[in-house]
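Since the structure comes first, as structure tokens, the remarks are kept for the end.
In the text below, chain A, chain B and the rest are named by the order of the sequence lines, each starting its count at 1. Note that the coordinates shown come from a computational prediction; the quantities given were computed from them, not determined experimentally. Hydrogens, waters and symmetry mates are skipped; everything else that's a heavy atom, side chains included, is used.
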Amino acid sequence: MDQKFLNKKAVKFIVISAVCLLLVFWNPKEFFNPIRKFFLSAAYPLQKTFYLTSRTLSASVEFLGSISELKNENEKLIKENNSMLAEISKLKEAWRENELLREQLDIIPKSAFNLEAGLVIGQSPQWSGSWLIMDKGLSDGIEVGMPAIVSNGILVGKVSETWSNGSKIALLSDSESAVNVMDIETGAKGILRGEYGLGIVMDMVSQNELLNVGDSISTSGLGGDIPSGLLVGKIKEIKISDDKLFQQAIIASPVKYSKLDIVFAIKN
Amino acid sequence: MRIIFFVVSILLFAVLQISFLPNFFSANSSPELVLVAIILMTGIYGIEKIWRMIILAGFFMDIFSFLPIGVNILSFIVTAFVISLLEKRLLDLRGTWKFLIAAFLIVIGTIVNGMVSYTTMTIFDSLNKTGEETTVVFISGIFEKSGYNLLFFALIYWPFEKMKEYMDTGKKLSVVMPANK
């Protein structure tokens with residue numbers, strides 16, 4: 001009897017596994033997406049509550065842990081503040097020149113973006129994929145493809161899915177992310193790709209283009225889906241691609257994706 | 001009542017995994033609350049009694065993780081099957097031995113679950129996206145994750161035992177009472 005029961009169990013296991021594999025590789029999104037959106041909409045109040053609570057707790061824990069570093073950090077900040085005062089007058093001149101160039105190049109200034117602010121209420125828990133959930137969705141005018149930035153114009157990702165009261169933002173570090181970018185200092189152009197949620201790389205840069213460590217990288221506007229001039233990060237390291245045809249630059253984002261509280265979707 | 005309790009717990013654990021834990025743990029090592037619950041339930045009740053619940057739990061995790069439907073269902077079913085082959089029924093054990101064997105099953109289950117979902121997603125993403133870095137991240141993440149899963153298991157073990165005793169007592173009373181009448 002035990003043997004018969006084992007066979008039945010094994011058969012059931014094989015059948016279920018086969019159905020699962022079929023579902024995974026067939027991936028009928030059109031069938032499951034409405035179901036997913038229903039559950040996400042229903043879970044929204046819980047998600048928001050849990051996320052905000054955990055952010056508060058996490059911030060408290062971090063604060064307690066950082067008390068010993070506060071004195072050193074304070075001294076460092078005072079020094080930085082003093083040196084920044086000297087740069088303000090230089091920046092005023094740069095601002096005047098920037099406005100003149102925007103007029104000439106017809107680039108939309110960041111203040112002219114139609115932004116929809118949203119709270120972050122969830123994050124990707126697994127190594128595959130890198131995304132956030134925002135608490136604004138279709139009912140707030142959010143559409144798939146809209147860029148997502150943080151308040152000072154730094155691009156963090158793009159809206160990849162949206163439902164009535166929420167949206168999923170695929171971060172730049174997602175392995176499926178690809179954004180046209182350029183080196184602000186040298187004009188070198190490339191494609192920014194994500195690396196399995198771990199970091200971002202500027203790829204497909206021609207060998208005869210110049211890249212320098214420390215250069216700032218922004219969106220180039222090519223393709224038309226993301227406006228130009230959105231900061232992405234700075235070059236941390238430069239290397240040659242595996243096929244030796246292109247240069248690659250590892251980019252350090254000024255933003256820590258896991259610590260985002262509020263993101264803005266650009267609606268225009 | 002057990003079914004309702006299980007479904008509500010799984011939904012709650014799934015939402016906690018997505019919305020509460022990421023602020024305390026990195027993406028690769030966040031504890032898998034649903035997986036720990038599945039392994040515990042399999043060890044105590046056996047896969048033949050709860051396979052439908054396992055499928056439902058996998059379905060909820062696929063929904064909330066934005067993974068293709070079937071990835072977590074498959075990894076949970078395979079994990080539960082492996083656990084059911086390995087375990088002595090935890091009902092037969094008492095005290096420290098029961099706890100230690102359950103802890104061992106949690107570690108094995110975490111590794112099996114990770115391997116199955118990693119393999120499925122690697123094939124799904126197509127082979128040329130898989131690189132050495134991903135494998136290294138996956139391997140280091142699995143051991144960290146096992147540790148955190150063990151920690152969560154230690155936290156829920158005693159309340160889970162008490163809840164199970166309460167439910168089993170209620171079941172025994174309902175069986176005994178008709179005979180007393």
What is the distance from atom OG of B/Ser19 to atom NZ of A/Lys48, rounded to the nearest 0.5 Å?
12.0 Å
Near-ring test B/Phe20/A/Tyr51, centroid separation under 6.0 angstrom:
no
Find the distance between CG (A/Asn33) and CD1 (B/Ile63) and round it off to the nearest 0.5 Å.
8.5 Å
With only heavy atoms counted, which part of B/Phe66 is less than 4.5 Å from chain A, the side chain, the backbone, both or neither?
both
Under a 4.5 Å cut-off applied to non-hydrogen side-chain atoms, are A/Phe13 and B/Ile47 in contact?
no
Are any non-hydrogen side-chain atoms of A/Phe50 and B/Leu12 less than 4.5 angstrom apart?
yes
Could you tell me the separation between the CG atom of A/Leu21 and the OG1 atom of B/Thr120, rounded to the nearest 0.5 Å?
6.5 Å
Could you tell me the separation between the CD1 atom of B/Ile18 and the CD1 atom of A/Ile133, rounded to the nearest 0.5 Å?
6.5 Å
A/Lys12, part contacting chain B, at a heavy-atom distance under 4.5 Å
side chain
Taking CG in A/Leu245 as the centre, count heavy atoms belonging to other residues, nucleotides or ligands within less than 6.0 Å. Is the count above 12?
yes
Heavy-atom count around A/Phe38 CZ within 6.0 Å, excluding the residue itself: above 12?
no
Does NZ belonging to A/Lys267 count more than 12 external heavy atoms closer than 6.0 Å?
yes
Can you name the closest pair of heavy atoms from A/Phe39 and B/Phe60 and give their distance?
CE2-CE2, 3.5 Å
Segment of A/Leu46 engaging chain B (4.5 angstrom heavy-atom cut-off):
both
Under 4.5 Å heavy-atom distance to chain A, tell me which part of B/Leu21 shows up: side chain, backbone, both or neither.
neither
Closest heavy-atom pair and its distance - A/Cys20, B/Gly70:
CB-O, 3.8 Å
Of the listed residues (B/Ile73, B/Leu16, B/Ile55), which shares the most heavy-atom pairs with chain A below a 4.5 Å separation?
B/Leu16
Can you confirm whether more than 12 heavy atoms, excluding those of B/Phe104, are under 6.0 Å from its CZ atom?
no
Donor-acceptor side-chain pairing of A/Ser54 and B/Asn23 below 3.5 angstrom
yes
Can any side-chain N or O of A/Arg36 pair as donor or acceptor with the backbone N or O of B/Asp62 at less than 3.5 Å?
yes
From B/Ile69 atom CD1 to A/Leu23 atom CG, the distance as rounded to the nearest 0.5 Å:
8.0 Å
Out of B/Ile77, B/Leu74, B/Ile54, which one pairs with A/Ile16 under the side chain to side chain contact (heavy atoms under 4.5 Å, CB included) rule?
B/Ile77
